[in-house]
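Protein chains get the first letters and strands the later ones, always in sequence-line order, with residue 1 at the start of each.
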Amino acid sequence: MTDFIPQLPLGDWFEVLVDLADRIFGWLFNGVNVFLRNFIGGIDDLLTGIPAIILIPILAILIGLIVKSQLTKRRDNGPEDKRPLIIGGIVAAGVFAFFFIILLVGLWETEIGIIIFFTILAWLAAGRITLTVLTALGLLLIYSMGLWESAIATIALVLVSSLMALIIGIPVGILAAKKASFGDNIVRPVLDFMQTMPAFVYLIPAIILFQRGNVAGSIATIIFAMPPVVRLTNLGIRQVPGDVMEAAKSLGSTGKQLLLKIQLPIALPTILAGINQTIMLALSMVVIASMIGAGGLGYDVRSALSRVDIAYGFEAGVAVVILAMIIDRMTQALGDKAPGQ
Amino acid sequence: MSTHLEVKNLYKIFGPSPLKALKMSQEGKTKEEILKETGNTVGVKDASFAVEKGETFVVMGLSGSGKSTLIRNLNRLQDPTSGTVEFDGKNIVEMSEEELRYVRRKHMSMVFQNFGLFPHRSVVDNVSYGLEIQGVPYQERRERAYESLKLVGLKGYEESKPSELSGGMQQRVGLARALVLDPDILLMDEAFSALDPLIKRQMQDELLDLQEKVQKTIVFITHDLDEALKLGDRIAVMYEGEIVQIGTPEQILTEPANDYVRNFVENVDRSKVLPAENIMTKPLAVVESKEGPKAAIRKMERERISSIFVVDNKRRLQGVVDIADVKKLADEGNKSVKSVMKTDFHTTSPDTLIVDLLPMASEAKYPIAVVNDDNKLLGVIVRVSVISGISRKGGNNDD
């Protein structure tokens with residue numbers, strides 16, 4: 001090291017900054033902490049402990065609706081045809097009665113109900129029989145490996161973190177597209193920073209500001225997972241063809257109408273690709289976040305690593321892969337179905 | 001007729017310091033000088049014109065001549081650097097966003113070269129968009145959109161997606177989308193330029209038909225001279241951002257304002273533009289029906305022609321006689337030519353296009369007689385001038 005260039009204590013400065021933030025905005029971080037903890041915990045509780053008396057009717061109605069819409073599509077007799085509605089109703093009642101009997105004889109398990117629920121979601125998202133069957137089989141495999149509770153914890157963490165990343169990221173992406181100077185001079189460098197900073201580094205200030213646990217993991221995940229949806233929202237809106245924009249303006253659109261009726265719908269497939277990427281990144285990050293006390297499958301992977309338990313580690317890893325595949329295929333299918341292609 | 005849209009001293013300059021460039025342009029510096037000195041591009045320079053109600057006003061120029069910029073200044077998709085655009089006496093340039101939106105929604109619609117359709121909406125939803133954003137109820141806007149689509153010949157395609165339609169059909173959607181708002185002014189920016197030639201011609205014909213029905217004021221941008229001549233009541237020729245001539249199609253062809261316009265119109269097929277009166281000649285000899293065969297023979301011999309038109313004392317066309325028939329009459333001592341007068345010749349009105357005379361010229365035994373509404377003989381057109389009128393490159397005035 002030469003003496004000409006002074007050593008900048010950049011890291012120290014950042015530490016001071018984090019400390020300062022903690023001291024000044026502690027109340028804010030506390031609020032965020034409480035909110036996220038309850039949100040994640042609530043989703044987790046819902047998915048593990050939802051009473052059969054609520055879940056069973058939901059399943060019955062969803063199955064009835066699917067049957068009805070399938071029949072309507074097949075028969076194609078227009079809205080006057082009441083048969084699909086009637087048959088759908090009968091199926092729903094049958095499903096309800098079947099599950100209810102199972103409940104009465106004491107064989108009902110919430111886990112099974114939730115697996116059926118996710119299977120239905122897969123069908124609603126993609127409408128493809130293969131994905132639906134694989135979803136059911138994959139979830140059953142996780143259940144049979146004894147990793148169900150961890151998987152639910154991971155899903156809750158991913159769900160909340162992704163949702164937060166989207167709630168912040170999509171508006172930022174829209175703003176970046178609308179104001180080119182803001183997008184190019186501020187958002188882009190910040191996103192570059194967020195994406196290239198090693199993921200582990202986020203964990204450190206997250207611990208200081210939010211203590212070890214799910215919330216700190218979620219915060220790190222939100223920051224890590226946000227860039228794709230911001231970038232792709234920005235890109236999608238900027239890619240709306242110039243003549244389409246001119247046409248919409250020439251017809252007398254307001255800025256809001258332009259955004260809601262033209263730009264966002266046309267950009268939707270691109271935005272959905274961003275949402276897909278964000279969710280996938282969130283899933284990969286919650287595993288890393290187990291290092292600062294986030295629960296779920298990441299915890300299993302980490303404890304398998306520390307015990308050098310090959311079997312346990314493999315099972316936990318497979319469970320992560322299964323979740324990733326299911327979430328990825330479902331969100332991608334949503335993107336393929338979007339209009340504006 | 002009244003002035004509907006008036007543009008006065010409109011400038012549009014692109015670049016870092018438009019006002020500086022504006023001053024230079026007003027001082028008479030050329031486009032190149034301004035670009036070199038300030039880095040600004042003069043898009044439109046000092047454009048002024050007025051469009052009458054119900055008129056089709058064509059702005060014609062090659063790419064880069066500023067015509068697309070000009071039309072975007074009319075509804076302020078681009079804001080002019082200087083000048084005024086008056087619509088029914090109100091200056092659009094100075095309007096607030098809200099007033100401008102009102103004009104766009106109610107009075108001025110635009111059709112685009114690449115259609116600018118909304119890919120995520122069905123055809124009917126594309127057309128009804130303009131009504132939707134004004135808050136017109138669902139049922140009403142659908143009905144109006146269906147009607148508009150019927151008007152442009154797209155009945156039955158209402159629920160299709162734009163991507164499922166051919167180019168010509170897509171542009172009909174664009175047209176229907178503009179017409180559904182029942183605007184006073186239609187701005188058409190190279191509306192047919194992206195279509196293949198056959199479809200293009202068909203769309204031009206349909207626009208002319210449509211214009212008869214709806215009587216809109218149209219500002220039509222094109223780089224295609226044939227299209228300009230076909231559609232325009234008047235044409236403005238643009239070159240390097242300036243309007244170099246405004247005139248009727250005939251004026252543009254016969255009295256080009258400068259060498260640029262002259263070069264431009266040189267290769268035009270005049271027969272499609274110029275009417276019959278441009279190639280008719282004064283009938284060299286005409287026999288009044290009361291004159292005898294001898295007078296007829298004398299006139300034909302003097303002019304070295306083999307047939308002659310017969311008119312009454314008010315110059316109304318009666319028929320035509322052959323020299324052979326008249327000679328026979330004279331030998332027989334007959335006093336009137338009426339008995340050998342024939343009527344199997346073609347007549348035409350003076351404003352029939354030359355190209356439409358071609359079929360009759362090719363089979364005519366006699367010259368074509370040009371008559372007015374009262375059947376008065378105005379002139380004759382001999383076959384050779386129909387043919388040459390088509391092939392000739394120069395017009396009557398610049399031979």
**Q** Within a strict 4.5 Å, meaning less than it, do heavy atoms of the B:F112 and A:S250 side chains meet?
**A** yes
**Q** Within the supplied structure, the quantity of interest is the number of heavy atoms (other residues, nucleotides, ligands) at a distance under 6.0 Å from B:Y157 OH; does it exceed 12?
**A** no
**Q** Is B:K216 atom NZ crowded by more than 12 heavy atoms from other residues, nucleotides or ligands, each under 6.0 Å away?
**A** yes
**Q** Check B:F118 against A:A247 and note the closest heavy-atom contact, atom names and distance.
**A** CE2-CB, 4.3 Å
**Q** Apply side chain to side chain contact (heavy atoms under 4.5 Å, CB included) to the pair B:E132 and A:Q257, showing each step before the final yes or no.
**A** CA-CA 10 Å; B:E132 182 183 327; A:Q257 287 168 337; over 6 Å; no
**Q** Roughly how far, to the nearest 0.5 Å, is CZ of B:R72 from NZ of A:K249?
**A** 10.5 Å
**Q** For B:R142, look at atom CZ and say whether over 12 heavy atoms of other residues, nucleotides or ligands are found less than 6.0 Å away.
**A** yes
**Q** So which part of B:N114 gets closer than 4.5 Å to some heavy atom of chain A, the side chain, the backbone, both or neither?
**A** both
**Q** Heavy-atom distances under 4.5 Å only: say whether B:R76 touches chain A with side chain, backbone, both or neither.
**A** neither
**Q** Could you list which of residues 79-108 of chain B have a heavy atom closer than 4.5 Å to any heavy atom of chain A, in residue-number order?
**A** B:R101, B:R104, B:R105, B:M108
**Q** Inspect the surroundings of CZ in A:F117 and state if more than 12 heavy atoms from other residues, nucleotides or ligands are less than 6.0 Å away.
**A** no
**Q** Apply side chain to side chain contact (heavy atoms under 4.5 Å, CB included) to residues A:L251 and B:M110 and explain how you reach the verdict.
**A** CA-CA 8 Å; A:L251 292 165; B:M110 191 157 170; over 6 Å; no
**Q** For residues 224-246 of chain A, give me every residue with a non-hydrogen atom less than 4.5 Å from any non-hydrogen atom of chain B.
**A** A:D243, A:V244, A:E246
**Q** Who wins among B:S109, B:G116, B:G174 for the most heavy-atom pairs under 4.5 Å with chain A?
**A** B:G116
**Q** Does B:H120 use its side chain to pair, donor to acceptor, with the backbone of A:L264 at less than 3.5 Å?
**A** no
**Q** Which distance, rounded to the nearest 0.5 Å, do you find between the CD1 of B:I133 and the OG of A:S253?
**A** 3.5 Å
